[in-house]
Amino acid sequence: MGPRSVPLLPLLLALLGRSDPGRAEGCDLQPVTEKPPIIVSYATSTVPRGCVSNSTMGTGLEVHVLSVKWSKASPVPLLVTVTPQADRCSQPAVLILLCARCSAAITSPCSNLTVRTDAHLIPGTSRAPNLEPPVVSSEGQLLAWALATYRGITSYSELQDPRRVQLYLGEDAHSPPECIPQEHFNAILHLEAEVVFHGVKGCSRSDAQSTRAAHIIHLQSEPSSPITEVNLTLECPENSAGNQILILQSKANFTWSLTLKCNIHLLVSGSYKLVPFRDPLTGNLLPDTEQDLIATAFEKNYSVIASYSAIPASTHINLEIQGHEMVKMPVTTTPLVTTQPPDLPRRVLLTLKPWKCTDETMEIVIIRSYLEPIKDVVNITLRDISCQAEKNATHFMLKSPLSHCGTSLEDRGYANNELILSLAKDAVLHSVRVGFRCEIPRELFLRLFPTAAFEAPQTELEINKEAFVQASMRWMDHPADLQLKECWLVASGREPVLLVQGGEARGAGVAVLEGPPSSLGRKVWRFRFTYTIPEGGHIPFSATLKCKAGLQNDTIFEKVLEVTVKDAWRPLNYRGLGLAAVLGITFGAFLIGALLTAGLWYIYSHTPSFQHGASLGEQQHQPQHRQHPEHPLLHQQHGLTPPGPPEPAQPPANGLGDPPQCH
């Protein structure tokens with residue numbers, strides 16, 4: 001018997017009188033084994049075993065070995081894409097793919113790639129293998145055969161249950177001379193794979209009386225991990241009843257980009273975006289332990305933990321919900337009353353409470369399926385009807401400053417507005433107004449901006465470039481007493497840097513800026529600084545911005561913002577671009593350079609003093625050519641800036657300084 005669809009109306013109305021929050025002790029997580037109804041996969045560059053070497057340098061042939069192991073026969077073909085470095089198939093390469101009991105599709109733009117595999121290749125989607133693979137029974141035999149046959153091994157990777165593999169060709173002279181496999185090898189320089197996660201657990205409360213299910217993804221992350229955004233795709237059955245919740249837990253500075261192909265309730269830490277909407281939404285403060293996350297689900301009246309997955313840090317996660325075991329409910333033959341109570345819209349919205357406020361914005365997110373009891377909702381606005389919610393197949397969304405859309409701040413610590421639902425009934429459009437109060441957190445907010453316009457906050461801090469910081473909070477009781485006590489920038493391996501103290505700048509390159517005028521109890525502080533690293537110094541992957549604000553007494557509010565450190569001088573990573581895009585960029589740079597050179601030569605050759613002043617002109621231009629051997633446009637095409645005048649030999653010891661000046 002498949003899971004029963006439960007009407008949403010009784011569930012929503014039951015929420016109005018729900019019982020005390022559940023406790024996590026009622027759940028004993030166990031691995032989901034037999035035919036798992038939940039499939040979780042994620043992108044990673046860490047393989048169970050692997051190695052690299054420079055043993056093929058000078059041989060004129062790269063050799064890459066992939067050994068794929070399966071827990072059971074693969075249900076879908078393995079997709080293998082082989083991409084050359086810098087998108088140039090400069091030299092021949094060999095791919096040895098051992099993939100017993102699987103079918104595969106191998107694609108590559110390189111015609112000089114030789115494939116040796118025992119996989120069943122899908123006709124029409126992959127090249128035919130040139131040679132048969134070796135017959136070996138162990139890793140040692142495989143590597144010994146490859147070394148004897150090709151005189152070297154560029155890379156070796158063992159993979160467990162992959163769905164797709166992206167292999168990057170290329171040799172590295174800094175690799176070890178021999179390819180000696182290591183456990184949990186980081187193969188980020190030449191491989192990324194999407195692998196199936198086998199650690200999915202689940203449980204249900206012993207006293208469960210509902211079919212409401214929770215799916216929890218707890219994203220694990222090392223402090224030094226550069227990953228700050230993860231793309232998650234969720235797929236559910238078409239007949240999903242919408243009585244499920246997805247809980248996503250991560251570090252505070254993570255952004256979740258969500259592609260939802262079904263109706264599901266969300267509880268997200270950090271910030272998140274719903275594709276195709278572009279504006280980020282503020283998430284919730286969630287606990288970071290297994291038991292506390294389970295307790296959170298129980299408190300929301302979700303009695304079944306359909307899946308709990310602790311995923312390593314990843315840039316892409318896929319969650320496929322094929323169904324879950326439902327708690328059997330008593331079957332009743334009493335027909336449901338379909339008459340809609342007149343105050344149902346108000347009761348539903350006050351149950352959902354889809355509003356959330358910061359010190360400057362109000363956000364409304366409503367899952368459309370949760371409005372099914374309210375028939376024929378065609379539009380949602382705030383008190384100012386020009387503020388309309390965006391909508392897609394699954395959500396209504398609206399984000400507005402607290403100073404817009406008719407929002408009032410008359411109550412201390414609350415923003416007041418109305419949700420206006422436009423209903424189409426019997427070809428007649430009428431509206432229902434539901435007033436609400438949105439609590440403004442009494443906390444310090446910290447935001448980092450790339451420009452002095454203080455628009456579009458981000459979590460990237462670029463070296464040698466001005467960054468702009470805004471700290472703000474609302475304090476209805478005597479806001480004038482609020483002071484910005486201090487702000488620090490802390491990065492691993494480097495001394496902490498004091499930016500602001502007592503409302504005054506500290507250190508070179510830091511300047512306190514005039515903020516917008518205080519209004520309705522909100523106080524705003526702004527400053528700018530430039531983070532510099534001495535030449536050859538250690539560049540951290542991430543840093544932490546810490547600020548404290550408070551009153552004259554001991555009341556202190558502290559806020560921490562984790563940021564990713566970005567070095568503009570690092571070579572541009574082309575892995576995210578396709579072959580056509582990179583070739584287009586390269587050809588465009590060449591064409592612009594050629595046309596500009598021809599134009600300059602034409603102007604120069606038609607100058608009247610060309611014949612007589614050539615010697616002087618050459619002498620005048622030679623120093624410039626030595627300083628700028630390439631045209632500035634070519635630097636711009638590669639994300640670089642032409643070198644400027646010499647900098648002082650020793651930058652300030654605290655890592656801060658004025659930005660380089662252009663002459």
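On a predicted model such as this, the values are computed, not experimentally measured, just so you know. The first residue in the sequence is number 1, and the count goes up from there. FYI, side chains are in, hydrogens and waters are out, and symmetry mates aren't considered; it's all heavy atoms of this structure.
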Problem - Donor on one side chain, acceptor on other, Asn392 and Glu390, under 3.5 Å - result: no
Exercise for the section: Carefully, step by step, assess His64 and Leu191 under the rule side chain to side chain contact (heavy atoms under 4.5 Å, CB included). Expected result: CA-CA 10 Å; His64 298 270; Leu191 181 142; over 6 Å; no
Handout entry: Minimal non-hydrogen separation, Val469 against Phe454, with atom names
Key = O-CE2, 3.7 Å
Practice task
Answer yes if the side chains of His215 and Gln244 hold a donor-acceptor pair under 3.5 Å, and no otherwise.
Solution key: yes
Problem - Side-chain (Asn284) to main-chain (Leu286) donor-acceptor, under 3.5 angstrom - result: no
Practice task
Report yes if some heavy atom in the side chain of Tyr42 is under 4.5 Å from a heavy atom in the side chain of Asn318; otherwise report no.
Solution key: no
Problem - Polar side-chain atom of Lys399 near backbone of Pro280 as donor-acceptor pair, under 3.5 Å - result: yes
Problem - Sub-4.5 Å side-chain heavy-atom contact between Leu499 and Leu545 - result: yes
Problem - Carboxylate-amine/guanidinium contact Lys465 Glu460, below 4.0 Å - result: no
Completion exercise
For Lys559, the side chain to side chain contact (heavy atoms under 4.5 Å, CB included) test, sequence neighbours excluded, returns Glu443, Leu444, Leu446
Handout entry: Any side-chain heavy-atom pair of Tyr531 and Arg494 under 4.5 Å
Key = yes
Handout entry: Thr282 side chain to Glu363 side chain, donor-acceptor N/O pair below 3.5 angstrom
Key = yes
Problem - Non-hydrogen side-chain atoms of Leu95 and Leu66 separated by less than 4.5 Å - result: yes
Problem - Donor-acceptor contact present, side-chain Arg447 to main-chain Gln470, <3.5 Å - result: no
Exercise for the section: Output, in order, the C-alpha distance, side-chain angles, deciding distance and verdict of salt bridge (Lys or Arg N to Asp or Glu O under 4.0 Å) for Lys353 and Glu439. Expected result: CA-CA 11 Å; Lys353 294 182 179 178; Glu439 184 177 4; over 6 Å; no
Problem - Value rounded to 0.5 Å, distance of CG in Leu232 from CG in Leu248 - result: 6.0 Å
Practice task
Please indicate whether Glu455 has more than 12 foreign heavy atoms, meaning atoms of other residues, nucleotides or ligands, lying under 6.0 Å from its CD.
Solution key: no
Exercise for the section: Using the test ring-ring contact (aromatic ring centres under 6.0 Å, His included), find all partners of Trp355 that sit at least two apart in sequence or belong to another chain. Expected result: Phe436
Exercise for the section: Kindly indicate, with the supporting measurements, whether the criterion side chain to side chain contact (heavy atoms under 4.5 Å, CB included) is fulfilled by Phe254 and Ile227. Expected result: CA-CA 8 Å; Phe254 262 77; Ile227 300 174; 4.0 Å; yes
Practice task
Decide yes or no on side chain to side chain contact (heavy atoms under 4.5 Å, CB included) for Leu382 and His404, but give the supporting numbers first.
Solution key: CA-CA 10 Å; Leu382 289 175; His404 291 64; over 6 Å; no
Completion exercise
Here the pair of heavy atoms bringing Pro162 nearest to Trp70 is O-CH2, 3.2 Å
Exercise for the section: List the steps, then state whether side chain to side chain contact (heavy atoms under 4.5 Å, CB included) holds for Thr255 with Ser257. Expected result: CA-CA 6 Å; Thr255 298; Ser257 182; 5.7 Å; no
Practice task
For the residue pair Leu266 and His395, establish whether any side-chain heavy-atom pair is separated by less than 4.5 Å.
Solution key: yes
Problem - Spatial distance of atom OG (Ser309) from atom CG (Leu219) [nearest 0.5 Å] - result: 11.0 Å
Problem - Tyr302 six-ring face occupied by Arg212 cation (under 6.0 Å, within 45°) - result: yes
Completion exercise
Closest heavy-atom pair, Val82 versus Pro109, reported as atoms and distance to 0.1 Å, is O-CD, 3.3 Å
Problem - Heavy-atom side-chain proximity of Leu402 to Ile440 below 4.5 angstrom - result: yes
Handout entry: NZ/Lys546: more than 12 non-hydrogen atoms of other groups inside 6.0 Å
Key = no
Handout entry: Nearest-0.5 Å distance that lies between atom NZ in Lys566 and atom CD1 in Ile463
Key = 11.0 Å
Practice task
Report the relative orientation of the aromatic rings in Phe185 and His190; use parallel for angles under 30°, tilted for 30 to 60°, perpendicular for over 60°.
Solution key: tilted
Exercise for the section: Please tell me if the side chains of His265 and Lys300 come closer than 4.5 Å, counting only heavy atoms from C-beta onward. Expected result: no
Practice task
Write down the atom of Leu461, the atom of Ala467, and the distance for their closest heavy-atom approach.
Solution key: CD1-CB, 3.6 Å
Practice task
State the CG-OG distance between Asn301 and Ser303, to the nearest 0.5 angstrom.
Solution key: 6.5 Å
Handout entry: Side-chain (Asp161) to main-chain (Ser71) donor-acceptor, under 3.5 angstrom
Key = yes
Exercise for the section: Could you tell me which residues satisfy salt bridge (Lys or Arg N to Asp or Glu O under 4.0 Å) with Arg368, sequence neighbours excluded, listed by chain and number? Expected result: none
Exercise for the section: Assess the side chains of Gln166 and Thr83: does a donor N or O sit below 3.5 Å from an acceptor N or O? Expected result: yes
Completion exercise
Heavy-atom nearest pair, Ser542 first then Ala491, reads O-CB, 3.9 Å
Practice task
Quick one: pull up CG in Leu78 and CZ in Arg164 and give me the separation to the nearest 0.5 Å.
Solution key: 11.0 Å
Exercise for the section: Verify, without hydrogens or angle tests, whether Thr44 (side chain) and Thr46 (backbone) share a donor-acceptor contact under 3.5 angstrom. Expected result: yes
Practice task
Side-chain contact test, heavy atoms from C-beta onward, threshold under 4.5 Å: evaluate it for Val68 versus Val165 and give yes or no.
Solution key: no
Handout entry: Flag, side chain of Thr81 to backbone of Thr107, donor-acceptor distance under 3.5 Å
Key = no
Handout entry: Approximate separation, where rounding is to 0.5 Å, of Phe197 CZ and Ser314 OG
Key = 11.5 Å
Problem - Main-chain N/O of His218 paired with Gln220 side-chain donor or acceptor, under 3.5 Å - result: yes
Practice task
Heavy atoms only: give me the nearest Thr459-Glu562 pair and the separation to one decimal.
Solution key: CB-O, 4.0 Å
